[in-house]
Amino acid sequence: MIYKRSSALFAEAEKVIPGGVNSPVRAFKGVGGTPIFVKEAKGAYLYDEDGNRLIDYINSWGPMILGHAHEPVVNAVIEKAKKGTSFGMPTEIETQIAELAVSMVPNIDKIRFVNSGTEACMSAVRLARGFTGKDKIIKFAGCYHGHSDSFLIQAGSGASTFGTPNSPGVTKGTAKDTLLAKYNDIENVKALIQANKNEIACIIIEPVAGNMGCIPPVNGFLEGLRELCDANNILLVFDEVMTGFRLAKGGAQELFNINADIVCFGKVIGGGLPVGAFAARNEIMNYLAPLGPVYQAGTLSGNPLAMAAGLSMLNELNNDAEVFNRLKEKTAYLHEGIAKVLTQNNITHTINRLGSMISVHFDEEQVIDFDTAAKGNNEKFKKFFHGMLNAGVYIAPSAFETWFITDALSYDDLDFTISAVNTVSKTL
Ligand SMILES: *Cc1c(COP(=O)(O)O)cnc(C)c1O
C-alpha cells in the first residue's frame with residue numbers, strides 16, 4: 001500500500017505538534033514507520049488519506065464497539081448540536097444517561113461525568129483518599145489508568161514500600177504514595193498491605209487488563225482482592241474504562257459477579273466523544289462536592305453533545321440482548337482462525353481473549369502479567385504489524401495493546417483477516 005499523503009501530512013504535523021500527534025501511541029514508535037492519517041470511517045473500515053481501506057481492530061481504542069459513524073449515535077449528536085453545544089448549566093440529558101448507566105451497571109447509585117478516562121481514574125482515587133482518610137494506593141504493573149501523576153509510577157528498588165516516577169515531572173513525593181503490585185499475584189498484594197498497615201486508601205485495577213495485551217484475571221484473583229479490601233478497610237476501584245459496557249452491560253462487575261467500591265468509565269460510555277465517568281454507591285458518591293468535601297469539577301463535564309453520543313450508544317447496547325454474545329462469538333472465531341494458521345506456519349504464539357478483547361503475543365509462555373507480556377518477541381510483532389497493515393488490516397501499533405472487536409465486523413472481514421495472518425506469518 002502507498003502512504004504518500006499520510007507521510008506528507010505527518011511531516012507537516014511534526015512542525016507544529018510534538019511528535020506530530022496528540023497522544024504518543026499514535027506516532028508508531030513501537031513499530032517504526034510513519035502513522036496513517038484517517039480521512040473517514042464507516043462500520044468496520046477506516047479510509048485513509050491515500051485512499052486505502054483498512055479493517056479496523058482498534059476502533060478508537062475501544063469506543064466504537066458498534067462500528068464507526070454508527071447512525072443513531074451520529075444523528076443524536078447532529079440533532080443536539082443544532083440546539084447549542086455547551087451551557088455550563090444542568091441539562092436533562094445528563095440525568096437520562098446517568099439513570100441508564102445506573103440501571104445497567106450493578107452496585108452503583110450515582111455517577112459523575114467527566115471528559116476522559118484519565119480524569120475519571122484521577123477523581124476516583126481522590127474520592128477514595130477523601131473517603132477513607134488514607135493516602136496510599138496500590139496499582140498493578142502494566143495496568144494503565146490514564147496519565148495523571150499518581151499512575152505514572154514504576155516499581156522502584158524499594159518496591160515493597162514505594163514506587164518511583166516513570167516520567168520526569170512526576171515528583172518523588174507523589175511516587176511515594178503509589179505502591180506497585182504484580183497483576184494476578186494475590187500474595188504480592190497481601191505483602192504490600194502488610195507492609196503499609198492502615199495507610200492504603202484503595203486498590204485500583206483493570207479487572208481485565210487491556211493495556212499490556214489482554215490479560216484476564218486468574219481464577220480467584222479478583223475475589224481475593226475483594227476479601228483483602230474488606231478486611232483492611234480499603235476501597236476496591238475497578239477501572240472499567242476499557243471493559244465497561246464492553247464485556248457485558250454491567251462490565252466486569254457483572255461478568256465476574258464481584259462488586260467494586262468505585263467504578264471508572266470512559267471509551268464506550270462516550271460513544272466516540274470525550275467522556276469519562278466514575279460511579280459508586282450513595283455513601284461514597286455523597287462525599288463529592290457539592291454534597292461532600294472532596295472537590296471535583298469541569299467546565300465541559302456533561303457536555304450535551306458528549307451526553308447525546310453516550311446516551312445513544314448505551315441505549316443501543318441496552319436494547320440489544322444479543323450484542324455482547326455476538327461480539328464474543330466473533331472474537332472466538334477470530335481467535336480459532338488465527339491460532340490455526342499461526343500453528344500451521346510454526347509461529348510460536350500465545351493468544352489471550354476475553355469477550356471482545358483479544359491479543360496475539362509472539363511468546364511461548366502464558367501471558368499473565370507485565371513481565372510475561374514483556375517477554376514477547378517485539379521484532380516479530382513489528383513485522384507482523386506492518387505485514388497486516390499492508391494487507392489492509394489495522395491492529396494496534398504496539399505489542400502491548402488489546403485488539404477491540406466491533407460488532408460491525410462481518411464474518412467475511414474475519415476470514416479476510418485470518419487469511420492475511422496466514423500470508424503474513426510466512427514472512428515472519
Ligand atoms: C484508555 C484508558 C484510560 C485512560 O482514558 P483516556 O480517555 O485516554 O484518558 C484509563 N484506564 C484504562 C483502563 C484505559 O484503557
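Since the model is a prediction, treat every value here as computed from it, not as a measurement. Every number for a ligand or one of its atoms is a count from 1 in the order of the listing. These numbers come from the heavy atoms of this one structure, side chains and all, not from hydrogens, waters or symmetry mates.
Counting atoms of ligand 1 from 1 in the listed order, those under 4.0 Å from a heavy atom of Ser116 are 7 (O), 9 (O). For ligand 1, the atoms sitting less than 4.0 Å from at least one non-hydrogen atom of Asn211 are 12 (C), 13 (C), 14 (C), 15 (O), numbered in the order shown with element in parentheses. Close contacts between ligand 1 and Glu206 involve ligand atoms 13 (C) [criterion: under 4.0 Å to a heavy atom].
Any N or O atom pair closer than 3.5 Å counts here, and Val241 shares no such pair with ligand 1. Below 3.5 Å of separation, one finds an N or O of Asp239 facing an N or O of ligand 1. Of the N or O atoms in Glu119, none lie within a sub-3.5 Å distance of an N or O in ligand 1.
Ring orientation note: the planes of Phe140 and Tyr183 are nearly perpendicular, at an angle over 60° on the 30°/60° scale.
The shortest contact between atom 6 (P) of ligand 1 and any protein heavy atom is with Gly117 N, 3.5 Å.
Considering each of Lys267, Met242, Glu401, Met122, the one bringing a non-hydrogen atom nearest atom 2 (C) of ligand 1 is Lys267.
Formation of a donor-acceptor pair under 3.5 Å by the Asn52 side chain with backbone atoms of Asp48 is not found in this model.
Shown here are the ring-ring contact (aromatic ring centres under 6.0 Å, His included) partners of Tyr394, two or more places apart in sequence or in another chain: there are none.
Heavy-atom neighbours of Lys380 NZ from other residues, nucleotides or ligands within 6.0 Å: above the threshold of 12. Other residues, nucleotides and ligands contribute only 12 or fewer heavy atoms inside 6.0 Å of the CD atom of Glu364. Counted within 6.0 Å of OH on Tyr295, heavy atoms from surrounding residues, nucleotides or ligands total 12 or fewer; the atom is thus considered open.
The part of His145 lying near ligand 1 is the backbone, judged by heavy-atom distances below 4.0 Å.
Residue contact check for ligand 1: Tyr144 places a non-hydrogen atom closer than 4.0 Å to it.
With 3.5 Å as the limit, one finds no donor-acceptor pair spanning the side chains of Arg112 and Ser123.
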